[in-house]
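Keep in mind the model is a prediction, meaning the values are calculated, not measured. Per chain, numbering begins at 1; letters A, B, ... match sequence-line order.
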Amino acid sequence: MASDPSSFFLTTPIFYVNDAPHIGHAYTEVAADVLARWHRQAGDDTWFLTGTDEHGQKILRTATANGVAPKEWADRLVESAWKPLLDTIDISNDDFIRTTEARHEQGVAKFLQKLYDDGHVYAGEFEALYCVGCEEFKPKSEIVDGEGAFEGQKVCAIHSKPLELLQEKNYFFKMSAFQDRLLALYEERPGFVQPASARNEVIAFVQQGLEDLSISRTSFDWGVPIPWDSSHVTYVWFDALLNYVTAIGYGQDDAQFGRRWPAHHLVGKDILRFHAVIWPAMLLAAGLEVPDRVFAHGWLLVGGEKMSKSKLTGIAPKEITETFGSDAFRYYFMRAISFGHDGSFSWEDLAARYQAELANGFGNLASRALAMNRKYFDGRVPEASAIADTEAEAAIRDLAATVAARADERVEEFAIHEAIAAVWELVDALNGYITEQEPWRLAKDPEQRERLATVLYTVTEGLRVLAVLLAPVIPQATAKLWAALGAEAALGALAEQPIREAGDWGRLPAGTEQRPLAVLFPRIEAANEAEAAASAERPVLHTAAEADSR
RNA sequence: GGGGCGUUAGCUCAGUCGGUUAGAGCAGCGGACUCAUAAUCCGUCGGUCGCGGGUUCAAGUCCCGCACGCCCUACCA
């Protein structure tokens, strides 16, 4: 169904600007970034979109509390919190859409008008419990049974006062009409919602029956106006979901839209339903293709519980990157957590993996290999010779090819952790190979010169393979390694290396001049580790969004 | 209430359609080595597979019950 087999359009949820950035947001972004970089390096027509969601009553309210207009408030948060977050973790997004941009608002209006014209939208009465204190209709999750004087009544979870049953005129989207088509979609395309556990929940939900969706509000005006009735603004979720098409020119640039759509959506499992039910129903109504895939990832657990700001377990990404660096942040969350499942975060695990895998495993491998080239071959890539070739070299070459193919296969399935694990087999194998071949011993015997060259060529070429395969995950460290290998001059920029050919052996030419390599992952001083560990127990979010009035 | 997921080594997790002595990484312990970031490599210790039944020649895996934890159960942006 994809418009072009090589097109790869990937999205993250857009950030609700009022939130404070924490590692959960960063986690989604990093996963998307790794996938995007991988596909880009594979030569696919890749487009990676992220952005911010800026409408809705909560934002209007915080802006007002801070004495500024909502747009100004959003501007401030985008610049002070969200765009810096992307820099902190080295995100390579191709576009950043804000729901307050004209291109988005125009696209939303166009989409709504089409649905209205085609009879998918009708005016109706929205009836719900309203809290006078909150000045808004309350979702079920914020309604509790009253106690004491209010026994038997429904009360607001925040104010503990009785709620009033109020009505307001709303426009409704006839979502119920799409129930059967959605069920057929899940049936025909088992990979549409992933992983399987998420798919099961979605199917069970839709089978219970779909109601129509209220898509407009009249109680406030911070939103996209309903095109045929300016007294209403668009319900914020309906507005937000449309960013995935308005960003690629829906209704304005058909060429761009045709080239990119449909998308692969990465979402947290909390917002799965919006993406796997409401969103495809909206697209079906508009006569557009449904997404290629909706992939729900899990929660980050801290101390066994879902990380949350209110429980003071929220962690700002900078706390990690300032000690360990952005590469380590990216590597850790991608490697340690099975993508699609919940995963435990701990400072201890982060520090242990940094030390064992990045510093001692990969970093040290690069150091020892380049040091020997420098020492025994004057800093040049040695030349392998067929005469000195043994089964040990063949095993490394085979592994490099196998691992490269398997990693690509796993990335295709969004099994990022498995892709990295596959690549790491080569890291471990090369460390073992060096120890077994004992090049330092070969170096003492002039008659073993060719053997020594062959061994070191094998290791060096292995590093080249690793640099290419790990570039999407740890772009900074691999860039340093690439430069030290001298590969830039011989093969071109690292980001240009075709990743699906990474396992092809013998690319790095003998004689290539190498450069000194700074330690890729320096040991973290124990004092810093202790400090990092201690900070896990403090409230730690310091952003402008702290002014959030809730 | 209904539905779903999970519980496997000290820790974090794999375990396919039921099929040999249940695996990995880390941590621990012992050894080898010196090119390297006191690193690497080898060996080793470690499990009542949450509990109780059942089906089967055979159960971590399938069925029933129970315990504990988490999630969903319509507008959380």
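Residue contacts for A:F521: at a heavy-atom cut-off of 4.0 Å it reaches a base atom on one of the strands shown. A:N431 comes within contact range of the sugar-phosphate backbone alone, with a heavy-atom separation under 4.0 Å but no base atom that close. Residue A:A204 is classed as having no contact, given no heavy-atom separation below 4.0 Å to the nucleic acid. Residue A:I14 is classed as a base contact, given a heavy-atom separation below 4.0 Å to a base. Within the nucleic acid shown, A:L370 has no heavy atom closer than 4.0 Å to any nucleic acid atom. Across all strands shown, A:L210 has heavy atoms under 4.0 Å from base atoms, whether or not it also approaches the sugar-phosphate.
Regarding A:K444, its NZ atom lies at a distance of 6 Å from the P atom of B:C35, rounded to whole Å.
For A:T435 and A:K375, each mapped to the nucleotide of RNA chain B holding its nearest heavy atom, the one lying further toward the 5' end belongs to A:K375.
Relative to the ring axis of A:F377, A:R449 places its NZ or CZ within 45° and under 6.0 Å from the centre.
Looking only at distances, a side-chain donor or acceptor of A:D327 sits under 3.5 Å from a matching main-chain atom of A:A477.
Taking 4.0 angstrom as the limit, A:S344 places a side-chain polar atom (N or O) nearer than this to OP1 or OP2 of B:C13. At the phosphate of B:C70, neither OP1 nor OP2 sits under 4.0 Å from any side-chain N or O atom of A:H341. Within the structure, a side-chain polar atom (N or O) of A:N360 is placed less than 4.0 Å from OP1 or OP2 of B:U40. Taking only side-chain nitrogens and oxygens, A:R335 never comes nearer than 4.0 Å to OP1 or OP2 of B:U12.
Residues A:H55 and A:Y16 come closest through the heavy atom pair O-CE1, 3.7 Å. Scanning both residues, A:A419 and A:R410, for their nearest heavy atoms gives N-CB, 3.8 Å.
Each of B:U73, B:U34, B:C76 was ranked by its minimum atom distance to the side chain of A:W440; first place goes to B:U34.
Rounded to whole Å, the separation between the P atoms of B:A14 and B:C62 comes to 15 Å. For the C1' atoms, the distance from B:A9 to B:U48 is 13 Å, rounded to whole Å.
A:E201 and A:K269 are not joined by a salt bridge, as no carboxylate oxygen comes within less than 4.0 angstrom of a charged side-chain nitrogen.
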